[in-house]
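Take a look at the structure set out below.
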Amino acid sequence: MGLKGTSLSALVRKFLSLEESKPLVALVVLYLASAVISPYFLTVYNQKILLLQASPLVMLALGESMIIMMGSIDLSPGSTMALAGLIAALASNVYGFPVILSALIGVGVGALIGLVNGLAVTKAKIPSFVATLASMVAARGLVLLVTGGTSIYGLVGYEWLTDETAGLANMVWLFIAFTALTYFILKKTTLGLKVYAIGGNEEAVRYSGLNADNVKIAVFTIAGSLYAIAGLMMNARLQAAYPWTGYGSELDAIAASVLGGIQLTGGVGSPVGSFIGAYILTLISNILILLGVNPYLQWVVKGFILGVAALTLTRGLRYVK
């Protein structure tokens, strides 16, 4: 009995030592509470909807978390998602390009925006907050300029993302795959080690002879590509390209990263944590809708829950003031 108790205690300590343990516990608590307060929460239909709703945000959070771990910030996820999705929709619906080629063009647009952000931060020496704020405004302006504020409806060919394989939508399998890929890049490759090193102490990295600028440019470009994939997911979900898609999503991406245990000072965190954080945010919105909470009141309730969750998950962490 004593041996079993010791083994269990050791197992608990090992679990709590994981970067993802706090956000995972928070997710389980919220999940169980939601199941108790709403009889519709655990239905298969709602669970599938929940995963579909979470998919674009997970992609945004993965890209944002990589940049935050590097000690920077990115305010362009929502606008990049909207512009990439719009360009892909135009390519397929207006110019008749094959959907796969249109999707690649959209991802290319996202990568280009990320590249511009990276160059602005490294070569022009513009703070990431300001550089990506400029990208956020410019990209949204381009979307509105091209569309005239109207939406492109009747998108054809994107339904493969919402089609199901083994009981789950393909976009769900896609964000699971990208979560695993991002984890591999950050935890198992030289690029990932450099990302954590730059976030921990960029000056030391530069003194060691490593080219921090190239790493930043690469990460911003990768993040832009992930945002673009989120835009394709929104095209599939809505069967339309809306000019205000992703408006305010940059804040959700940052919040998901923080809820996932990623320090805003950089150098600490896990992409799995950002996935969990994105799921937590989506779950909160989902349960409020199921409970029929007033849409305006939902913002207040969501803000309160986020504040409590952030206080619990980040207790003891140090942030830049």
Side-chain angles (χ1 to χ4, degrees), residues 13-27 29-30 57-77 114 117-118 121-122 127-133 179 182-206 208 210 212 215-216 218-220 222-223 226-227 249-281 284 303 305-321:
R13 284 197 301 270
K14 184 176 181 180
F15 170 74
L16 293 177
S17 68
L18 297 175
E19 292 175 310
E20 304 86 357
S21 61
K22 280 188 175 182
L24 185 58
V25 169
L27 174 60
V29 170
L30 282 172
L57 181 54
V58 170
M59 299 303 296
L60 297 183
L62 288 175
E64 184 71 62
S65 64
M66 292 180 71
I67 291 173
I68 293 176
M69 286 180 214
M70 198 169 55
S72 300
I73 199 74
D74 191 351
L75 297 180
S76 68
N117 286 338
V121 170
T122 57
S128 59
F129 184 94
V130 178
T132 58
L133 176 62
T179 300
T182 306
Y183 182 89
F184 176 80
I185 291 173
L186 288 173
K187 297 293 186 178
K188 304 296 181 181
T189 68
T190 302
L191 176 62
L193 293 176
K194 291 177 181 177
V195 168
Y196 282 107
I198 291 171
N201 191 331
E202 183 176 346
E203 187 176 355
V205 169
R206 293 186 183 278
S208 69
L210 294 176
V215 175
K216 286 188 173 184
V219 171
F220 271 103
I222 292 171
L226 295 174
Y227 304 154
S249 292
E250 54 279 344
L251 300 181
D252 285 339
I254 294 171
S257 299
V258 173
L259 289 176
I262 295 169
Q263 289 193 34
L264 291 178
T265 47
V268 176
S270 165
V272 176
S274 62
F275 154 67
I276 296 172
Y279 197 82
I280 288 174
L281 279 180
I284 292 172
I305 294 174
L306 285 176
V308 173
L311 178 65
T312 303
L313 293 172
T314 62
R315 195 167 185 81
L317 298 182
R318 179 174 56 86
Y319 292 100
V320 176
K321 296 182 179 180

task: Carefully, step by step, assess Phe275 and Ser65 under the rule side-chain contact (heavy atoms from CB on, under 4.5 Å).
output: CA-CA 10 Å; Phe275 154 67; Ser65 64; over 6 Å; no
task: List the steps and the verdict of side-chain contact (heavy atoms from CB on, under 4.5 Å) for Leu62 and Thr179.
output: CA-CA 7 Å; Leu62 288 175; Thr179 300; 3.7 Å; yes
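Ala278 meets the side-chain contact (heavy atoms from CB on, under 4.5 Å) test with Leu57, Val58, Ala61, Ala256; sequence neighbours excluded.
Residues Ile280 and Ala26 approach most closely at CD1-CB, 4.2 Å, considering heavy atoms. Nearest heavy-atom pair, Ser257 versus Ile68, reported as atom, atom and distance to 0.1 Å: CB-CD1, 3.8 Å.
The closest donor-acceptor contact from the side chain of Thr132 to the backbone of Leu75 lies under 3.5 Å. Side-chain N or O atoms of Glu250 include none that pairs as donor or acceptor with a backbone N or O of Asp74 at under 3.5 Å. In this structure, the side chain of Ser249 does not engage the main chain of Asp252 through any donor-acceptor pair within 3.5 Å. Remark: side-chain polar atoms of Ser128 are paired, donor with acceptor, to backbone N or O of Ile73 under 3.5 angstrom.
Side chains of Val195 and Leu186 form a contact here, defined as non-hydrogen atoms less than 4.5 Å apart. Contact of the Ser274 side chain with the Met66 side chain is not registered, since no non-hydrogen atoms from C-beta on lie closer than 4.5 Å. Looking at Val268 and Ile262, their side chains never come closer than 4.5 Å, going by heavy atoms from C-beta outward. Between Leu60 and Leu226 the shortest side-chain heavy-atom distance does not fall below 4.5 Å. Looking at Tyr227 and Glu64, their side chains come closer than 4.5 Å, going by heavy atoms from C-beta outward.
Between the CD1 atom of Ile198 and the CE atom of Met70 there is a distance of 6.5 Å, given to the nearest 0.5 Å. To the nearest 0.5 Å, atom OG1 of residue Thr182 and atom CE of residue Met59 are 7.0 Å apart. The CD1 atom of Ile67 sits 6.5 Å away from the OG atom of Ser76 when rounded to the nearest 0.5 Å. Here Ile254 contributes atom CD1 and Leu264 contributes atom CG; the two are 8.0 Å apart, rounded to the nearest 0.5 Å. One finds the CD1 atom of Ile276 at 12.5 Å from the CG atom of Leu281 (value rounded to the nearest 0.5 Å).
Counting only residues at least two apart or on different chains, the side chain to side chain donor-acceptor pair (under 3.5 Å) pairs with a member in residues 190-202 are Lys187-Tyr196, Glu202-Arg206, Glu202-Lys216.
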